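Let me begin by presenting the structure, written as structure tokens, before commenting on it.
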Number of protein chains: 2
Amino acid sequence: MNVQLFRYSRHMSSTRTAPSRTRWLSTDEQATWRSFLAMQKRIRETLERQLQQDAGMPMTYYVILAMLSEAPERTMRMTELAAIAGTSQSQLSHAATRLEDAGWIERRRCLDDKRGYLAVLTDAGFEVLSKAAPSHVETVRSVLFDALDPDQVAQLKDIADAVTSHAATG
Amino acid sequence: MNVQLFRYSRHMSSTRTAPSRTRWLSTDEQATWRSFLAMQKRIRETLERQLQQDAGMPMTYYVILAMLSEAPERTMRMTELAAIAGTSQSQLSHAATRLEDAGWIERRRCLDDKRGYLAVLTDAGFEVLSKAAPSHVETVRSVLFDALDPDQVAQLKDIADAVTSHAATG
DNA sequence: GCGGAATAGTTGAACATTCATTTAAGTTAG
DNA sequence: CTAACTTAAATGAATGTTCAACTATTCCGC
């Protein structure tokens, strides 16, 4: 991979006539960025494919079911579920339609608040989840943790937390 | 985020009657995994949204154009382009249709090999790319590098390379 | 040079995701 | 009480991605 992503590099940034204000990436940053993209792609694709094979669903849906499975009564308000699973309401609504078609969840009206709905994980849903979990976790391990030593695991956590909290702040 | 992703945790894994062979994640690993997912999501969504706004295309397409822009004559064989941009041939083909509709690339028959096509970046395509690059790079910087110190940038590269080469190996 | 395998690329169906819009129900100021 | 606003969720259109055919050409062995 000696390819330069367009203008990630400095070499195109400063013409004598029109100096740019863009903070282009340094050589090290470019290298990190490309490596990061490769890792990211690798991990996402691996997990996505594995879940599609073993559970017949994308990771988003898996997380939705997983979150539901740990809620009291395996039941949650749609909005709360969206928040905890990190999806938009719209996405959850579409997903819920699929998941309901598959028989993995049910939707019930919320009695307190008639605008709302409750999503409930069915036994079938719990089954699917239980069967998918081991190979999912095994895949996570093999694609990520098996490649890292314990220091790196700690470093990665710090890095990820820094990025996420920086996002929240700035 | 004190939520446990289903069976990422050990607490459900070992029943007395049916000990599992799954290598469940340790507490540290779980924490790292959740942080990683959050970071990953944050970065991807931020970039995707920014590019959609500023360039009217997803990141996949941006990378395709970027790779083309650095090829001799801004021209590349479809298969080679797919490889270098990290897409499947099918995805590239669909993308090329869109990009051609937008007037950002052209497809020409390949004379040496009549099975093949050459993708050529148009001036309009180069324009779009040139305009999108600064804000794209700025977004990369603000969402990732601004959150990290130089040690972490180096650590992240090592981690990403370890994951990617581990993938290639094992 | 011919027949079968491999390669380049396209296509369409199925599905996921986003965005903007819509419907319904709750909330609140006056 | 009622009009205006907000929140919960669904919906539909537009777009992107994957997978499995499918077509056209080239390669390869005999």
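The basis for the numbers below is simple: all heavy atoms, side chains too, and nothing from hydrogens, waters or symmetry mates. Here is the naming used below: chain letters follow the sequence lines, and residue numbers restart at 1 for every chain. In this text the structure is predicted, and so the values were computed from the model without any measurement.
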Compare all side-chain heavy atoms of [X] with those of [Y] and state whether any distance is below 4.5 angstrom.
X      : Y      : result
B:V120 : B:I105 : no
B:H136 : B:L47  : yes
A:Y117 : A:E106 : no
A:Q152 : A:L156 : no
B:M76  : B:L121 : no

I need the [atom1]-[atom2] distance between [X] and [N], as an integer number of Å.
X      : N      : atom1 : atom2 : answer
A:E48  : C:dC15 : CD    : P     : 15 Å
B:D101 : C:dT11 : CG    : P     : 11 Å
A:L51  : D:dC19 : CG    : P     : 13 Å
A:R77  : D:dA8  : CZ    : P     : 7 Å
B:E45  : C:dA16 : CD    : P     : 17 Å
A:M78  : C:dT23 : CE    : C1'   : 15 Å
A:L92  : D:dA9  : CG    : P     : 8 Å
B:M59  : D:dG16 : CE    : P     : 15 Å

Do B:Q50 and B:S135 have a side chain donor and acceptor closer than 3.5 Å?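 A donor-acceptor contact under 3.5 Å links the two side chains.
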Would you say B:R49 and B:Q53 are linked by a side-chain donor-acceptor pair, where the criterion is simply a distance under 3.5 Å?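 B:R49 and B:Q53 do not have a side-chain donor-acceptor pair below 3.5 Å.
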Would you indicate, yes or no, if C:dT18 has its OP1 or OP2 atom less than 4.0 angstrom from a side-chain nitrogen or oxygen of A:Q91?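 Answer is yes, contact under 4.0 Å.
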So, does B:T60 get its side chain near the phosphate of D:dT17, meaning an N or O under 4.0 Å from OP1 or OP2?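 Answer yes for this pair, as a side-chain N or O of B:T60 is under 4.0 Å from OP1 or OP2.
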Aromatic plane relationship, B:W33 with A:F145 - under 30° parallel, 30 to 60° tilted, over 60° perpendicular: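 A:F145 and B:W33: perpendicular rings.
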Might you work through the side-chain hydrogen bond (donor to acceptor under 3.5 Å, both in side chains) test for B:T97 and B:R107, ending with a clear yes or no? CA-CA 9 Å; B:T97 302; B:R107 269 185 284 208; 3.3 Å; yes
Please state whether the base of [N] and the side chain of [X] form at least one donor-acceptor pair under 3.5 Å?
X     : N      : answer
B:H94 : D:dT15 : no
B:S90 : C:dT10 : no
A:Q89 : D:dA9  : yes

Please determine, for the side chain of [X], which listed nucleotide ([options]) has the closest atom?
X     : options               : answer
A:R98 : C:dT18, C:dC15, D:dA9 : C:dC15
A:R49 : C:dG9, D:dA8, D:dC19  : D:dC19
A:T79 : D:dA10, D:dA8, C:dA8  : D:dA8

Helical bend (five base pairs per end, nearest 10°) for the helix from C:dG1-D:dC30 to C:dG30-D:dC1: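 Computed from the C1' atoms at both ends, the axes differ by 20°.
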Go through residues 104-119 of chain B and report each residue with a non-hydrogen atom lying under 4.0 Å from DNA chain C, sorted by number.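 Within this stretch, B:R107, B:R115, B:G116, B:Y117 sit under 4.0 Å of the strand.
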Taking atom CG as the centre, does B:D123 end up with more than 12 heavy-atom neighbours from other residues, nucleotides or ligands that are less than 6.0 angstrom away?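 Incorrect, the count does not exceed 12.
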Which residue, A:R44 or A:T97, contacts DNA chain D at a nucleotide closer to its 5' end, judged by nearest heavy atom?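 By nearest-heavy-atom nucleotide position, the 5'-most residue is A:T97.
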